[in-house]
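These notes are about the structure you will find just below.
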Amino acid sequence: MLLLLNLLDDMIFASIPAVGFALVFNVPPKALKYCAILGALGHAVRTLLVHFDVPLVFATFAGASLIGFIGVHLSHRYLAHPKVFTVAAIIPMIPGVYAYKAMIAIVQIHHYGFSDTLFAQMIDYFIKTGFILGALVFGLALPGFLFYRQKPVI
């Protein structure tokens, strides 16, 4: 029961930035609810998979893939570009905390001087940020690779 409440809380708070960025990107008002739903579903899938000990990068890839596939379906249904639905929905999964911690480590290295622990921390956070961003990119691009090919997959 506690997991379901945490997922519901996660979905609500993930839909808010999705709608906010959809407004910034001038998404049509009729598509805002789909951006919120996709942002909530993608983040909930990621949270659920992380809860069951799936590594964060693979969980992010699964959430981004789900957003991508549903976004392609919605784009066919409403005759819009898939980016209308997917780009704003991906925003809640951007690894901002890891990027922030990497930047803080760089500032500390500059301010206090070089240390092996700070350098290792900086590299660790940069690598995590890069892999999570890569998972978002490939998860979002996967439906396009499968559905918009000129040649068959097999």
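Nothing here was measured: the structure is a model prediction, and the numbers come from that model.
- The two residues Phe13 and Asp9 make their nearest non-hydrogen contact at CE1-OD1, 2.9 Å.
- Applying the 6.0 Å contact sphere to CZ of Phe25 captures more than 12 heavy atoms from other residues, nucleotides or ligands.
- A pairwise comparison of heavy atoms in Leu142 and Ser65 identifies CD2-OG, 3.9 Å as the closest pair.
- Remark: Phe114 CZ is packed, more than 12 non-hydrogen atoms of other residues, nucleotides or ligands lying under 6.0 Å away.
- Here the shortest heavy-atom pairing between Ser75 and Ala80 reads CB-O, 2.9 Å.
- Interatomic distance, CG of Asp10 versus NE2 of His51, reported as 12.5 Å (0.5 Å rounding).
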Step-by-step side-chain contact (heavy atoms from CB on, under 4.5 Å) determination, Val19 to Val27: CA-CA 9 Å; Val19 170; Val27 171; over 6 Å; no
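- The environment of CZ in Phe69 is crowded: more than 12 heavy-atom neighbours from other residues, nucleotides or ligands sit within 6.0 Å.
- Side-chain atoms of Tyr98 and Leu56, non-hydrogen and from C-beta on, do get closer than 4.5 Å to each other.
- Within a 6.0 Å sphere centred on CZ of Phe126, other residues, nucleotides and ligands contribute more than 12 heavy atoms.
- Nearest heavy atom pair, residue Ala105 against residue Leu118, reads CB-O, 4.0 Å.
- In this structure a side-chain-to-backbone donor-acceptor pair under 3.5 Å is missing from Ser15 to Gly39.
- Within the 4.5 Å cutoff, side-chain heavy atoms of Leu3 are placed close to those of Leu48.
- The shortest heavy-atom contact between Ile132 and Met93 is CG2-O, 4.1 Å.
- In terms of the ring pair (Phe, Tyr, Trp, His ring centres under 6.0 Å) criterion, Tyr100 has no residue partners (sequence neighbours excluded).
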